[in-house]
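Note sheet for the following structure.
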Amino acid sequence: MKARKKPSKKYVSDLRTQIEYHNYRYYVLDDPEIPDAEYDRLLRELQSLEKEHPELITADSPTQRVGAKPLKEFGEIKHIIPMLSLDNAFDEQEVSDFDRRIREKLNLEEIKYTAEPKLDGLAVSLLYEDGVLTRAATRGDGMTGEDITLNARTVPSIPLRLIGKGFPNVLEVRGEVYMPKKGFDQLNERARKNQEKEFANPRNAAAGSLRQLDSKVTATRPLEIACYSIGSVEGGEIPDCHSLILNKLRDWGLRVNPEIKTISGVGGCVNYYQDMASKRDGLPYEIDGVVYKVDSIEQQNKMGFVARAPRWAIAHKFPAQEEITVIEEIDIQVGRTGALTPVARLKPVSVGGVTVSNATLHNEDEIKRKDVRVGDTVVVRRAGDVIPEVVSVVLKKRTKGLRKFKMPAKCPVCKSEVEKEEGETIIRCVAGLYCPAQRKEAIKHFSSRRAMDIEGLGDKLVEQMVDEGLINDIADLYSLKKEQISNMERMGEKSAENILQALEKSKATTLARFIYALGIREVGQATAQTLADELGALDTIQNEPEEQLLELPDIGPIVAAHIVHFFSEKHNCDVVKKLQQAGVHWEEGKTTAESDVLKGKTFVLTGTLSSMTRDEAKDRLQALGAKVTGSVSKKTSYVVAGADPGSKFTKANKLGVTVLEENDFMKQLSEWENRG
Ligand code: IVH
């Protein structure tokens, strides 16, 4: 690589000031202003400038020290052994360079590594004296952290006492405290309801929760720990391999991530990285990469440390999930229930390898809280398969004259009135199915896979059909003629025939699917199933009084009111009649179960299954006549526990409910299915 022109001292010093500022936002305030990817870029620029021109390195450069100074409110704890950071690798070449350096230094052909997920939370140190947790600290600046003992004690997965035998008199354990995705979503939902500030991501939520001055608040936050190393040890034997140390920690009652593996060479590293990348979206917690650590402690000691990180470990980071871009426009989408959702049209940006040009802004309150304006530079996040969202505005980059955003006073599609129900954050178009946007969404929902499952009738086609006036409601689908479909854009004889066949096939359905397909507000799959199971016939559901509906499991006043309201509208009942006249049918008085092998048995699913999704497991159990519910009680027959099960697992053990782990469950399931 050609060396760049030597930068001025001022340029380098400004770069350092910027990095330090962002360090402070990230580490001290838990409120970063820029995405990690942007921060990494700044730090790497400084690192490479210092590498090219070592004379520019200063003792206080951010490359020479770990993190930032701790806040003063908590007591301080000086770490007996400094808590270091990790160097990063962003591609295979950098992993291969890391491995080569180690092989060369140790004069070995192949290195054995422990590979671990890099959890996105905050590092803590736990001190156990004679097996009792006596002190917990954050990493702080690596030398001195904050005393968070009281808070750590509220985290259920941090044992107050070690179990088993043979732990040293003094054992310092290190790990990551993080907030699982589900807990994070619930916490933010609660914040939204209470009009409080939401956390930008699970990492900030974990840090904010653990660094609470009031430990009672921490106790309400869904935090977990995964231990990944040890610090100081006195009076006891410790194995000579990192992987064996982790096994010991597990034996002593400490939580260690279940995805950790031992591997060999660069090939092993890359396979592990790819495996974790493909599992990433399905994991119940966020990871931002994987970590490789030389497994032998003797070899680790030979490798030693550089300023801020060990030479025997590296973090192989996933592509960023957050990026910055500019909002070019804010459009309003009208959903199935009339909800007006603001959507940001963005200057296209690649986020973790996928081009993002739209991001949801959720609702008016959300826009107000974040003060998002057209023309703003914003942070966008894409996590898993969820819709990308605007996380925050980079206020420093706001140009003058940008106007506050205002929601429209009329429906942008049909120009009808809009309303905001009391206590709701959502603005809705009042026109119902007279609004073409709502009509389109209702038809899309009706034909979707979990509803009537009309294969080939995609969103675009539905929109075109409504725009061209071929259909006005869901029942019109069944009177479509072949020529009408084949005359449409990009359609031909064959595709028209396929659609008609799919429509014909969809006529044979189940009561639960049909109820769900109607798109009654707040009636999801589970409620539709309850209605079908408990009431057995459409006629009964249509005429069930509100008080009776309230008696059914999991049906509350809001849902009951929506059901009654739906069937009180004549045009809805007309559509239902039209559908039945067109030949849509189901067997009444029966549940969807194809057999009754598991009749009377109740199942609860928790954790991640590797061989199927929870929905699939649920479908298969229900097909055998079982009930699948969301909470564990004494009446639960089995709890199926996948990887990283939640509190349901603990509760099952407490109540003595049989727990089936994935392997046993799979065996049992095929046995039940053979019987059924
Ligand atoms: S080892 C000396 N292992 O990543 C090695 N760190 O970027 C110290 N982290 O401060 C860390 N998962 O907060 C290690 N499996 C893992 C990790 C992990 C997440 C965090 C930790 C650390 C940061 C370094």
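For ligands, and for the atoms within them, numbers begin at 1 and follow the listed sequence.
Pairs engaging residues 149-167 under the salt bridge (charged side-chain N to carboxylate O under 4.0 Å, His left out) rule: none recorded [sequence neighbours left out].
Side chains of His242 and Gln300: no donor on one and acceptor on the other come within 3.5 Å. One side chain, Asn257 or Tyr285, offers a donor N or O that lies under 3.5 Å from an acceptor on the other.
Taking Asn107 as the reference, nothing meets the side chain to side chain contact (heavy atoms under 4.5 Å, CB included) condition, with sequence neighbours excluded. Residues that satisfy the side chain to side chain contact (heavy atoms under 4.5 Å, CB included) test with Lys51, not counting sequence neighbours, are absent from this structure.
Under a 4.0 Å N-O distance rule, the pair Lys317/Asp40 qualifies as a salt bridge.
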Show me the short polar-atom pairs for ligand 1: any N or O of it lying under 3.5 Å from a protein N or O, with distances only.
{"unit_1": "ligand 1", "atom_1": "3 (N)", "unit_2": "Lys293", "atom_2": "NZ", "d": "3.0"}
{"unit_1": "ligand 1", "atom_1": "4 (O)", "unit_2": "Lys118", "atom_2": "NZ", "d": "3.2"}
{"unit_1": "ligand 1", "atom_1": "10 (O)", "unit_2": "Arg139", "atom_2": "NH1", "d": "3.4"}
{"unit_1": "ligand 1", "atom_1": "12 (N)", "unit_2": "Leu119", "atom_2": "N", "d": "3.2"}
{"unit_1": "ligand 1", "atom_1": "13 (O)", "unit_2": "Glu176", "atom_2": "OE1", "d": "2.5"}
{"unit_1": "ligand 1", "atom_1": "13 (O)", "unit_2": "Glu176", "atom_2": "OE2", "d": "3.3"}
{"unit_1": "ligand 1", "atom_1": "15 (N)", "unit_2": "Glu116", "atom_2": "OE1", "d": "2.7"}
{"unit_1": "ligand 1", "atom_1": "15 (N)", "unit_2": "Pro117", "atom_2": "O", "d": "3.4"}

